[in-house]
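Below is one structure, written out as structure tokens; the observations come after it.
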Number of protein chains: 2
Amino acid sequence: MARPYHHGDLRAALLDAALRAVEAGGHATLSLRELAQGLGVSHAAPYRHFANRDALLAAVANAGFARLAEAWLAAWQGSGPKAAAPAARLRVAARAYIGFATERPALFRLMFQGPAPPGAEAAFAGLQATVAAALPGAAEAVVKARTIAMWSALHGFAWLCLEGRIRPAMLGPLPPAAMLEAVLDTALGPAE
Amino acid sequence: MARPYHHGDLRAALLDAALRAVEAGGHATLSLRELAQGLGVSHAAPYRHFANRDALLAAVANAGFARLAEAWLAAWQGSGPKAAAPAARLRVAARAYIGFATERPALFRLMFQGPAPPGAEAAFAGLQATVAAALPGAAEAVVKARTIAMWSALHGFAWLCLEGRIRPAMLGPLPPAAMLEAVLDTALGPAE
DNA sequence: GAGGCGGAGTTGGCAATGTCAACATGAGGC
DNA sequence: GCCTCATGTTGACATTGCCAACTCCGCCTC
């Protein structure tokens, strides 16, 4: 049975395959032609759905932001009763951010490189909303400042870990988990 | 007058040209052949000095770390009298880190991607030394923890700014400088 | 100073890739 | 039943990283 001339949903298939390829080998080695071949389609077919390689990569990054935002919110909402201390809940969400980065390093790298896809903005809004919830009654400027400070610390730690710039060997006697907690202390305030 | 057969110091010339090319156009678009042509040398000449493209890029990143470490230490040492409050001096150095990143975004991106060149370790040691000086008498584990927490916040902020993920538009009424200071507050403790 | 060794540079070529233009196919609306 | 046009295909081009084989010439040895 020969493949039908039309694929059905090549766009979605490309996106899915690209996501997998990025997670497996990093975005630098992703080849449009190889992708097309893997889907049993000619080497120029992808251009019917994405203007160029960068456009496909941007779509992959966008999907990544949707997943990251989802992971963040799930951790925030699933972290015990709504009445629990907001600081403790933020800590759970923060660990989810680090977890996402270290479990999908190649995707994470792609997401934070080059022009920001639309989903990035939404993901940031999700971050800010949880920080606002953790600081009831705070002025908007304060919320923005705290959000960015927290995000910076979180993101920097995630990136440095995933690029091997922070290695267990550098920590001396400290276990890696303790390091994470130390970073969270500065990002979110001491756990008390 | 024809070019002499031997270039003289092609290795250094390549490194210099590559550094310039990276700063100008980013490492993704750097082409060995174009580089060679610019130096009036054949397209395979670079392979006499660098095993491959990645090796050249690694050398560029290494040079970048030397400059970053230099900028950090210069800011630390030049920040007023030795007797000045260490926290204030760290703040000056931290601003130098952010300044380096935002003034040479493409180089900075390259430096913190892929395997760490040898200079990265030395640069980190420089960071840690200043933090240790700012925390006289602190246990080594504490110094390490504070260094990494500070570095994470600094680096995350720098990266997010340079990738356009933190834009003035997101800050609302806050001026960008105020945002920097808010991040430094969490990274280094309030300026008081 | 003659000879030759080896680092440095050259030429030519290969395979892969992104991208484009021109052409083919067939699903769905009229 | 026909026609349109989005979706795929074929073929081609320029560029690139990399390798092999060759050439050149500075320097060391005798």
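In the text below, chain A, chain B and the rest are named by the order of the sequence lines, each starting its count at 1. Note: hydrogens, waters and symmetry copies are ignored here, and every other heavy atom, side chains too, is used.
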Verify same cluster id: A/I98, A/L127 (apolar side-chain graph, 4.5 Å):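 Hydrophobic grouping puts A/I98 with A/L127.
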Rounded to whole angstroms, how far apart are [atom1] on [X] and [atom2] on [N]?
X: A/D9; N: D/dG8; atom1: CG; atom2: P; answer: 9 Å
X: A/L14; N: D/dG8; atom1: CG; atom2: C1'; answer: 12 Å
X: B/H49; N: D/dC19; atom1: NE2; atom2: C1'; answer: 17 Å
X: A/L56; N: C/dG18; atom1: CG; atom2: P; answer: 10 Å
X: B/Y47; N: D/dA21; atom1: OH; atom2: P; answer: 17 Å
X: B/L57; N: D/dG17; atom1: CG; atom2: P; answer: 10 Å
X: A/L10; N: D/dT9; atom1: CG; atom2: C1'; answer: 13 Å
X: B/L32; N: D/dT16; atom1: CG; atom2: C1'; answer: 9 Å

Residues of residues 16-30 of chain A with any non-hydrogen atom less than 4.0 angstrom from an atom of DNA chain D: list those, numerically ordered, please.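 Within this stretch, nothing sits under 4.0 Å of the strand.
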When you check the gap from the basic side-chain N to the acidic O, do A/E121 and B/R167 get nearer than 4.0 Å?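 A salt bridge is present here (some side-chain N lies under 4.0 Å from a carboxylate O).
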Would you call A/R146-B/D185 a salt bridge at under 4.0 Å N-O? no
When you match B/N52 and B/R48 each to their closest nucleotide on DNA chain D, which lands nearer the 5' end? B/N52
Quick one: pull up CZ in B/F112 and CH2 in B/W159 and give me the separation to the nearest 0.5 Å.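 Going from the CZ atom of B/F112 to the CH2 atom of B/W159 covers 8.5 Å.
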From CG (B/L110) to CZ (B/R104), nearest 0.5 Å: 13.5 Å
Please determine whether a side-chain nitrogen or oxygen atom of B/S31 lies at a distance below 4.0 Å from atom OP1 or OP2 of D/dT15.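 Answer is no, no contact under 4.0 Å.
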Report, one pair per line, the protein and nucleotides 10-12 of chain D atoms (nitrogen or oxygen only) whose separation is under 3.5 Å.
{"unit_1": "D/dG11", "atom_1": "O6", "unit_2": "A/H43", "atom_2": "NE2", "d": "2.7"}

B/Y47: which residues meet the side chain to side chain donor-acceptor pair (under 3.5 Å) condition with it, sequence neighbours left out?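 B/Y47: no side chain to side chain donor-acceptor pair (under 3.5 Å) contacts found.
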Set of side chain to side chain donor-acceptor pair (under 3.5 Å) partners for A/R95, sequence neighbours left out: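 Here the qualifying residues are A/E181.
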If you look only at pairs with a residue in residues 119-141 of chain B, which of them pass as a ring pair (Phe, Tyr, Trp, His ring centres under 6.0 Å), with sequence neighbours excluded?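 Qualifying pairs, neighbours excluded: B/F124-B/W151.
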Using a cut-off of 4.0 Å on non-hydrogen atoms, how would the nucleic acid contact of A/R53 be classed: base, sugar-phosphate, or nothing? sugar-phosphate
Side chain to side chain donor-acceptor pair (under 3.5 Å) partners of residues 124-138 of chain A, not counting sequence neighbours, each pair once: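 Qualifying pairs: A/W72-A/T130.
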